[in-house]
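In what follows, every chain begins at residue 1, and chains take the letters A, B, ... in the order their sequences are listed. The structure displayed is predicted, hence computed values, not measured ones.
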Number of protein chains: 2
Amino acid sequence: MTNTTALWYFESVNLFNVLCPHKTKVMGEKHEFRRYNRDQFVYIPNDEASHIYMVVEGRVKIGHYLDDGKEVVSAILTTGEIFGELALAGEERRKDFAQAMENNTMLCPLSIDELKALMKDDKELSFRLLKLVGLRLMRLERKLELLVFKDARTRIIEFLKDAASWKGKKVGFETMIPTKLTHKDIAALTGTSRQTVTTILNELKDQNLIYFDRRKILIRDLGRLK
Amino acid sequence: MTNTTALWYFESVNLFNVLCPHKTKVMGEKHEFRRYNRDQFVYIPNDEASHIYMVVEGRVKIGHYLDDGKEVVSAILTTGEIFGELALAGEERRKDFAQAMENNTMLCPLSIDELKALMKDDKELSFRLLKLVGLRLMRLERKLELLVFKDARTRIIEFLKDAASWKGKKVGFETMIPTKLTHKDIAALTGTSRQTVTTILNELKDQNLIYFDRRKILIRDLGRLK
DNA sequence: AAGCGGATGTCGGTTGGCCGACAGCGTTAG
DNA sequence: CTAACGCTGTCGGCCAACCGACATCCGCTT
């Protein structure tokens, strides 16, 4: 579980680590995961915002729909990542959707009500939750800055670096990122177009800064990638 | 104070309203405001993030600097608005700056340490703080969506609508927004250029959808503005 | 094994809006 | 009062990157 622990660390608030003991103690037998199939929705806009979730297995797409019905992807989450946290920051009905991207996606749900109850006994928990939401805020600010002030190439490179530090395995100078993300996915996550992603990734490949195929991205040298 | 109350309501978490009694009780004589002069910094990047602030009077610019030294404005705050809240979400050193825009800008500072101490006695406070940060998150998500998926005209119009609902005084169909924001300011807040703001505002004026001069913006009919 | 849907690769045409430049215009400081 | 600086207004050049179109290519499904 070393890897999962690292993921939790990255979340910077080891929320579920704290809560799973709580759950077993306080919530008795309700300590279960939920299973989802590919394309199944965890929640959709206007659903009651009653839980937050941690991804145990599989992938979850977070996004919402524009007026014209077009889908906007704001995040694609994997093992160890938390979503739905706006529910505990006062959101009553979902504004976004969460959708499983793979069969057998396993989620650990956590009821807001129970969480609030726990907060009364556990002062430390309040800080952790505050940090969780605060961390989201900081990340979003970074994303905003990238999107507004950096060109497509820079955004994609920053995305690669993030992914590398987050999921990458280092071997010498090279960093290997196993990923099922399509160019379309990367485009959505970096605010660029599908074609631009393809072009820029191939540019980087030609310069031998990266290599990639359909299941991984390999960064030759993180220091040289810019 | 009706107006100020309305502002607090908009903040959705009546934080300082709750805390001022606390302060007078818990903090005794420390219930003071701080005064700043035009262009004086409240904090700058790398300062210790030890307080959050509410604007009592005047205006405060929040922003940060890009690598090339260019200034990025992320918000311009007036009476009743709160800033520096990342400090209570785990930020240790400021990443942004806060700068008074007018002489005699008055701020009400609130120490994070004291706040944390208060949180232990006041379970309601934890929720409020969570809501405060959560609200920021929601707003930022909206801003992100506007910046990425909407064109400059739409962004500026949305900005006008926001300002109207926030600071506007309705008189019949018309909404009057008193403001000292320059086109440059509006450009920074909407992620556009100064020239684009000037052009679009004048377009809207020509279409008689708005009127404006150097100290106010008048929206003819909120329903028709789009 | 065949076929089909989705992913990748490549090409131009098109354009929103940034930016520099410059000319009034208002405010403000002294 | 006056100078100076910053704000507003307008034009045109320019370009990043979006988008449609189309040709593979891959891999899953039946």
Side-chain angles (χ1 to χ4, degrees), chain A residues 37-39 59 61 66 68 70-73 76 99 101-104 146-159 178-207 210-218, chain B residues 37-39 59 61 66 68 70-73 76 99 101-104 145-159 179-207 210-218:
Chain A
N37 287 322
R38 183 181 224 279
D39 294 338
R59 291 192 301 156
K61 180 166 70 181
L66 298 179
D68 59 17
K70 233 182 3 182
E71 179 184 288
V72 179
V73 179
I76 290 178
Q99 186 181 26
M101 293 180 76
E102 294 171 13
N103 286 324
N104 248 27
L146 279 172
L147 282 168
V148 177
F149 297 103
K150 308 293 185 179
D151 62 17
R153 183 172 210 269
T154 307
R155 299 208 294 272
I156 291 170
I157 288 179
E158 288 301 313
F159 167 80
T179 176
K180 291 175 201 157
L181 295 174
T182 66
H183 293 181
K184 195 175 146 198
D185 291 333
I186 297 175
L189 295 172
T190 55
T192 58
S193 72
R194 202 267 309 161
Q195 294 94 321
T196 300
V197 171
T198 300
T199 304
I200 288 177
L201 285 184
N202 277 301
E203 262 176 48
L204 295 173
K205 190 193 265 184
D206 289 347
Q207 302 174 243
I210 67 171
Y211 168 82
F212 67 94
D213 60 31
R214 274 163 138 96
R215 58 179 60 84
K216 65 176 178 298
I217 299 174
L218 186 68
Chain B
N37 288 321
R38 182 181 225 278
D39 294 337
R59 292 193 301 158
K61 181 165 72 179
L66 298 179
D68 60 16
K70 232 182 6 182
E71 178 184 288
V72 180
V73 179
I76 290 179
Q99 186 180 25
M101 294 179 76
E102 296 171 12
N103 285 324
N104 247 25
E145 169 152 351
L146 281 173
L147 282 169
V148 178
F149 297 104
K150 308 293 184 179
D151 61 17
R153 184 173 210 270
T154 307
R155 299 209 292 272
I156 291 169
I157 287 179
E158 289 300 315
F159 168 80
T179 176
K180 291 176 202 158
L181 294 175
T182 67
H183 294 181
K184 195 176 145 197
D185 292 333
I186 297 175
L189 295 171
T190 56
T192 59
S193 71
R194 202 267 309 162
Q195 295 92 325
T196 301
V197 171
T198 300
T199 304
I200 288 177
L201 286 185
N202 278 301
E203 262 176 46
L204 295 173
K205 190 193 262 182
D206 289 346
Q207 301 174 244
I210 66 170
Y211 168 82
F212 66 93
D213 61 31
R214 276 165 135 95
R215 59 179 57 84
K216 65 177 178 298
I217 300 174
L218 185 69

Run the numbers on A/L181 and A/F159 for side chain to side chain contact (heavy atoms under 4.5 Å, CB included), then give the verdict.
-> CA-CA 12 Å; A/L181 295 174; A/F159 167 80; 3.7 Å; yes
Whole-Å gap separating [atom2] ([N]) and [atom1] ([X]):
| X | N | atom1 | atom2 | answer |
| --- | --- | --- | --- | --- |
| A/K180 | C/dG6 | NZ | C1' | 16 Å |
| B/I217 | D/dT8 | CD1 | P | 10 Å |
| A/I210 | C/dT8 | CD1 | C1' | 14 Å |
| B/R215 | D/dG6 | CZ | P | 20 Å |
| B/I156 | D/dT8 | CD1 | P | 13 Å |
| B/K216 | C/dG26 | NZ | C1' | 15 Å |
| B/L181 | D/dC7 | CG | C1' | 13 Å |
| A/N103 | D/dC28 | CG | C1' | 13 Å |

Could you give me the CA-CA distance, side-chain angles and deciding distance for A/K180 and A/M101, then say whether side chain to side chain contact (heavy atoms under 4.5 Å, CB included) is met?
-> CA-CA 11 Å; A/K180 291 175 201 157; A/M101 293 180 76; over 6 Å; no
Does the [X] side chain pair with the main chain of [Y], one donor and one acceptor, at a distance under 3.5 Å?
| X | Y | result |
| --- | --- | --- |
| B/R153 | B/I200 | no |
| A/N202 | A/K205 | no |
| B/R59 | B/E102 | no |

Hey, does B/V73 have a side-chain heavy atom less than 4.5 Å from the side chain of B/D185?
-> no
Once each nucleotide of nucleotides 9-22 of chain D is scored for protein heavy atoms under 4.0 Å, what B/S/- sequence comes out, 5' to 3'?
-> BB------SSBBB-
